[in-house]
Number of protein chains: 2
Amino acid sequence: MVEEISTRKEKVLKAIIQEHILTAEPVGSRTLARKYDFDFSPATIRNEMADLEEMGFLEQPHTSAGRIPSDLGYRFYVDRLVEEELEKPVSLKHYLKELSRQKSGVEDIMSGMARMLSRMVQYTAIVSEPGFSESKISRLELLPVSSRKLLLIVITSSGLVNDKIIQLEKKLTEEELENLNRILSRRLAGRKVSTITGAFLQDLEEELKRRLNYAAEIIKRLEQEITDILDKQEMKIYLDGTSYILEQPEFNDIQSLKKILKVLDRQEELRRLVAGLEDELEVKIGAENKLQEMQNCSLVVATYRLEGGGTGRVGVIGPTRMEYPRVISSVDLTAELISKFISSSGR
Amino acid sequence: MVEEISTRKEKVLKAIIQEHILTAEPVGSRTLARKYDFDFSPATIRNEMADLEEMGFLEQPHTSAGRIPSDLGYRFYVDRLVEEELEKPVSLKHYLKELSRQKSGVEDIMSGMARMLSRMVQYTAIVSEPGFSESKISRLELLPVSSRKLLLIVITSSGLVNDKIIQLEKKLTEEELENLNRILSRRLAGRKVSTITGAFLQDLEEELKRRLNYAAEIIKRLEQEITDILDKQEMKIYLDGTSYILEQPEFNDIQSLKKILKVLDRQEELRRLVAGLEDELEVKIGAENKLQEMQNCSLVVATYRLEGGGTGRVGVIGPTRMEYPRVISSVDLTAELISKFISSSGR
DNA sequence: TTTTAGCACTCAAAGAGGTAGAGTGCTAAC
DNA sequence: GTTAGCACTCTACCTCTTTGAGTGCTAAAA
């Protein structure tokens, strides 16, 4: 069904979508003709509308109402019409100043970016922490904290720091610890996280056992913790601007509001939501989302990449009736900023 | 106005509150008489109700409706009636198992506890990260990360770890760094955070300048970062179970829902909310909350104290029509658990 | 003096028309 | 192919009425 769409139809469709995004109301032929000065009449528009509806781009809530765009309509809009009008968001200065106040720290950057993005687009923003797997370990250190407690610190080449307290059964002498540190550093520093597989660890374990003489459990334990910290699947999710959803007229009825807010309350759900997308920039419109509760929502997600390797995602959740041009460019920009911020704080 | 309240009035008030907590509807004399078998009639109840209303414990939405408890009524209930029926929450086992899976890390414990509490009471839970000021520094370390980047690590006696990346203008040699580490450790280790005041820092600065020969800016910078990490006022807030609010019938109208959800979206607001309370266990009912948007809500907050010093807060936000006995004991228990968890992971 | 039954009264919530207005689809003329 | 005209449709909103739970008051009973 590769029906050609006339330029006039395109014009009408675009106008309807823009108008609907603005007003959140069904758009009628008369209103449309009044607001946009087309060189054809409401009656013609009606005909075009009927065609567009048949093609699946528009829907009619009931017989005597105007039309609203369908998911397919938005999809067409995003794919074909948006590009020319991607605008750089205005005056980042204000946001950036606020951000730089809170200085370094991945956590601060992440939450700051989520906040900035949500303020910018006036929808809910979501940012996922960068995954480790593609970055290199630049440093790994075990610090003694107390008699049977060590602090494991892993720093990646992209400048991310991760630490974890490790509880040991048995005390380690200073010398033992030094040896341990030396071997671990030698073996792990400079290595890409994704190459630390079972076989490699097996090998490492052998070496440790051979060269040091502690109980095997300690080594096992350490290994466990190291892999834990490295492939922690459970990347943290930063959410901000939840309350913007409340401003959207389509969520004025409690039922749909509940649905979407419940999703936002479940970290795992969100994680799956953004992790599932792999492309550089993806737009999921309405029912294109697998999640049943998100069928009235759209999701715009971009991937950010850190210099030293490691990627994460940043996105926006809003109603299908979303200001796509603005959102897409803002999400894009934010992804870029995140890379820059972390890389610069990591130089 | 220290009017004595008869035991019968107390009985009626208690019944009304319990019934209202259960049903969320205004309670009438007839219903009350039917459900609770008092040895007096609806008419008598009506008289008592009229009295209780005059005393300020009850309110009437309109002339021909039943009564609902006022803030004062709940206050009385909480202060006088609750104690005898504080019950230990059932079967923590399930929650605890889930918690211990995620092992160590303050962050995990905090968010895990918030989650557990909210699941337990079926209201929104809030946990604030432990403040540093009353704990001692047990270790402070500067690790080189790259040529002009240091990782500052501070470990407190309660086992909390905090790190921050510091950007320097100028390179430090290994030796300089070692000296720096030595001096800082000597001066700061074992010291209570709250005693690190301006005067002390002045003194430290002098020493550093005298004994080392780097540019003053570096020293200033370091100092800045250290104080930053130590008294970071901006303690993190963990929130969980936001969506439970949606289940409450009193928030079935969009307006009040918006109000409260907007508050929950603002970290600073929440911080102030829990930080403002200093008592061991505090219950703020309705208008007792300063925040205008929280006047339909109650807040139950407890303080937890870590072994090595350092305190934080844990609480529950729900409608004034809250199951106080259950909530109070759960919050209390959670505070206790947090101390235990962090202390045990910090031994 | 306290408690209770009886009864008239009140008020919100829910349902039943009725109207207005925006919008459509169809037809016939341009 | 485009447009004006018109009958038709449907929701949103108003008003009116009914219903029922609940009250307060009064007078009788305990």
Side-chain angles (χ1 to χ4, degrees), chain A residues 4-13 15-17 19-20 22-55 57-70 73 249-250 252-254, chain B residues 4-13 15-17 19-20 22-55 57-70 73 249-250 252-256:
Chain A
E4 238 353 285
I5 197 169
S6 72
T7 48
R8 194 173 64 189
K9 277 196 179 45
E10 200 168 305
K11 236 166 138 181
V12 171
L13 179 54
I16 291 175
I17 292 180
E19 189 63 18
H20 181 69
L22 217 66
T23 62
E25 298 288 326
V27 183
S29 57
R30 174 178 275 275
T31 336
L32 208 60
R34 224 184 298 122
K35 283 218 183 173
Y36 298 69
D37 44 315
F38 293 133
D39 38 4
F40 38 89
S41 75
T44 310
I45 295 178
R46 280 205 287 283
N47 289 330
E48 297 291 29
M49 278 175 159
D51 291 353
L52 285 166
E53 183 172 357
E54 204 171 355
M55 290 165 156
F57 294 119
L58 295 179
E59 283 168 5
Q60 212 171 7
H62 56 262
T63 333
S64 70
R67 304 302 209 289
I68 58 174
S70 67
E250 38 266 85
N252 253 349
D253 95 290
I254 305 262
Chain B
E4 239 350 287
I5 198 168
S6 72
T7 49
R8 193 173 65 190
K9 278 196 177 50
E10 200 167 302
K11 235 165 137 181
V12 172
L13 178 55
I16 291 176
I17 292 180
E19 188 63 19
H20 182 67
L22 217 67
T23 62
E25 298 289 324
V27 182
S29 58
R30 172 177 276 276
T31 335
L32 208 61
R34 224 184 299 120
K35 283 217 184 175
Y36 298 69
D37 44 316
F38 293 132
D39 39 3
F40 39 89
S41 75
T44 310
I45 295 176
R46 278 206 287 283
N47 289 330
E48 297 290 29
M49 279 174 158
D51 290 353
L52 285 166
E53 183 173 0
E54 205 170 355
M55 290 165 151
F57 294 118
L58 295 178
E59 282 169 5
Q60 213 171 6
H62 57 263
T63 333
S64 71
R67 304 301 211 289
I68 59 174
S70 66
E250 38 265 87
N252 253 351
D253 96 289
I254 306 262
Q255 287 314 312
S256 42

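Atom-to-atom distance recorded for A/Arg30:CZ and A/Ser41:OG is 11.0 Å, nearest 0.5 angstrom. Note that NZ of A/Lys11 is 10.5 Å distant from CD1 of A/Ile45, once rounded to the nearest 0.5 Å.
Comparing B/Asp39 and B/Thr63 along DNA chain C, the residue whose closest nucleotide (by nearest heavy atom) sits nearer the 5' end is B/Asp39. The 5' end of DNA chain D is approached more closely, in terms of each residue's nearest nucleotide, by B/Ser64 than by the other of B/Ser64 and B/Asn47. Across the interface with DNA chain C, nearest-nucleotide mapping of B/Pro61 and B/Ala43 shows B/Ala43 to be the residue nearer the 5′ end.
A/Ile45 places its CD1 atom 12 Å from the P atom of C/dG23, with the value rounded to the nearest Å. Following rounding to the nearest Å, B/Phe38 (CZ) and C/dT3 (P) show an atom-to-atom distance of 14 Å. Put simply, CD on A/Glu48 is 18 Å from P on C/dG23, counting in whole angstrom units. Rounded to whole Å, atom P of C/dA12 lies 14 Å from atom CD1 of B/Ile68. The nearest whole Å value for the distance from the CD atom in A/Glu59 to the P atom in C/dG23 is 18 Å. Nucleotide C/dT1 holds its C1' atom 18 Å from the CZ atom of B/Phe40, rounded to whole Å. Spacing between atom CZ of A/Arg46 and atom C1' of C/dA28 amounts to 14 Å, rounded to whole angstrom units.
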Identify every side-chain donor-acceptor pair in residues 58-66 of chain B under 3.5 Å, counting partners at least two apart or on other chains, and give the distances.
residue	atom	partner	partner atom	Å
B/Gln60	NE2	B/Thr63	O	3.0
B/Gln60	NE2	B/Ala65	O	3.2

request  = Please test A/Ile16 against A/Met49 for side chain to side chain contact (heavy atoms under 4.5 Å, CB included), starting from the C-alpha separation and ending with a verdict.
outcome  = CA-CA 9 Å; A/Ile16 291 175; A/Met49 278 175 159; 3.7 Å; yes

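Between B/Pro42 and B/Ser29, the shortest heavy-atom contact is O-CB, 3.6 Å.
Evaluation of the salt bridge (charged side-chain N to carboxylate O under 4.0 Å, His left out) rule for A/Glu19 yields A/Lys35 as partners, not counting sequence neighbours. Scanning for side-chain hydrogen bond (donor to acceptor under 3.5 Å, both in side chains) contacts around A/Asn252 gives an empty result, with sequence neighbours left out. Every salt bridge (charged side-chain N to carboxylate O under 4.0 Å, His left out) that A/Arg8 has, sequence neighbours left out, goes to A/Glu48.
Put simply, B/Thr44 has a side-chain N or O that comes within less than 4.0 Å of OP1 or OP2 on C/dT4.
Residues B/Val12 and B/Phe40 have side chains in contact (heavy-atom distance under 4.5 Å, counting atoms from C-beta outward).
Heavy-atom contacts of chain A under 4.0 Å fall on DNA chain D between two terminal nucleotides, which in 5' to 3' order are D/dT2 to D/dT11.
Summary of helix geometry: the two end axes of the helix from C/dT1-D/dA30 to C/dC30-D/dG1, each defined by five base pairs via their C1' atoms, are inclined to each other by 20° (rounded to 10°).
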